[in-house]
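Quick note: numbers below take in every heavy atom, side chains included, and nothing from hydrogens, waters or symmetry partners. Start at 1 with the first residue, then count along the sequence.
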Amino acid sequence: MTNIYPEPPGTAVLFARLVKFEHTIFALPFAYVGAMLAVHGIPSAHDLLWITVAMVGARSLAMALNRLIDAGIDAANPRTAGRELPSGALTIAAVVGFCAASLFVFLVAVWQLAPIVRWLWPIPVAGFVIYPYLKRFTWTCHLWLGAVDGLAPMGAWIAIRGDLPWQAWALGGAVATWVAGFDLFYALLDVEVDRAQGLHSWAVRFGENGVFAGARVLHLATIGLLFAAGLGLSVGTWYWVGLIIVAALLAYEHSLVGPGDLARLDAAFFTTNGIISVTFFVFVFLDAL
């Protein structure tokens, strides 16, 4: 007799969903950008390999901690109640074990890179732990998330060169304001539920108009910081072409949504931002050749 019920997803699939593995496309290309700009060329295969492993471990840890800490909040939100922990598809013990494994992978990678990062690894881990709690207290949680993601290019830079000049900070700031800006949009999906649960977000505090104004300011800062980083580094034409395209894509992203018009929010959040990170990486790569 044919089984009419779909097979439940395997454990690997559940963990991939837990950490939204596909969203790695947001942060990983900018880690490579930081690495390439740090050496004014293409880093060694050794460095690229261990930066990749470190990023996968760190991002998996960050997402799993987020889901673990927010399991109760997710269960009370119709949009997120079907996630792996609230739905019971994964147990708390399994996710705790996954966090431990992700931290181990991250630390193994850290120890293959510049010695200084062996002292700095607690900084991103602390950022991962603190972030999920912030929405319980402050609408600045989006800025914290941006700052944590901004560590990606800075971490790759210092992992290779062992220093952090102002250009690396500018690059990290560009990623921070880019991520914070599009996270303001994302908060609009849950604004009513957040109000009901007493949670804090930019959308709850300032409303839709405040979200779009804040995102515009943050994304203008993104372009300004990438421009400043380019001026301070030995970059060529391809970098500037990439920056112009990123600016155009950000303008397009803002044209997709507006107060009272959120029908294309998924396209603005997922598709356009994925294109932005990959596009800038490609043009920095061409510039590094």
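Using the six-membered ring where Trp is involved, Trp202 and Phe206 have ring planes that are tilted, between 30° and 60° apart. The aromatic rings of Phe185 and His219 sit perpendicular to each other, their planes meeting at more than 60°, with 30° as the lower class boundary.
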Check: What's the verdict on ring pair (Phe, Tyr, Trp, His ring centres under 6.0 Å) for Phe285 and Tyr32, showing C-alpha distance, side-chain angles and the deciding distance?
Finding: CA-CA 9 Å; Phe285 175 77; Tyr32 294 148; 9.9 Å; no
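For the residue pair Asp287 / Trp240, no side-chain donor-acceptor distance below 3.5 Å is found, with atom types taken as modelled.
Nearest heavy atom pair, residue Val117 against residue Leu113, reads CG2-CB, 4.1 Å. Summarising the geometry of Ser60 relative to Ser102, their closest heavy-atom pair is CB-OG, 3.5 Å, with the distance given to 0.1 Å. Taking every heavy atom of both residues into account, Leu37 and Leu171 meet most closely at CD1-CD2, 4.0 Å.
Just one of Asn273, Asp183, Asp149, Thr222 meets the side-chain hydrogen bond (donor to acceptor under 3.5 Å, both in side chains) condition when paired with Trp178; it is Asn273.
Criterion: ILVMFWY side-chain heavy atoms under 4.5 Å apart, direct or through other members. Under it, Val108 and Phe128 are part of a common hydrophobic cluster. Under the 4.5 Å side-chain heavy-atom criterion for grouping Ile, Leu, Val, Met, Phe, Trp and Tyr, Leu107 is not connected to Trp119 through any hydrophobic cluster. Cluster annotation: Leu188 is not connected to Val193 through the hydrophobic network of ILVMFWY side chains, with a link wherever side-chain heavy atoms come within less than 4.5 Å.
The pair Asp70-Arg136 meets the salt-bridge criterion, with a side-chain N (NZ, NE, NH1 or NH2) lying under 4.0 Å from an Asp/Glu carboxylate O.
Taking the centre of each ring, Phe283 and Trp238 come in below the 6.0 Å mark.
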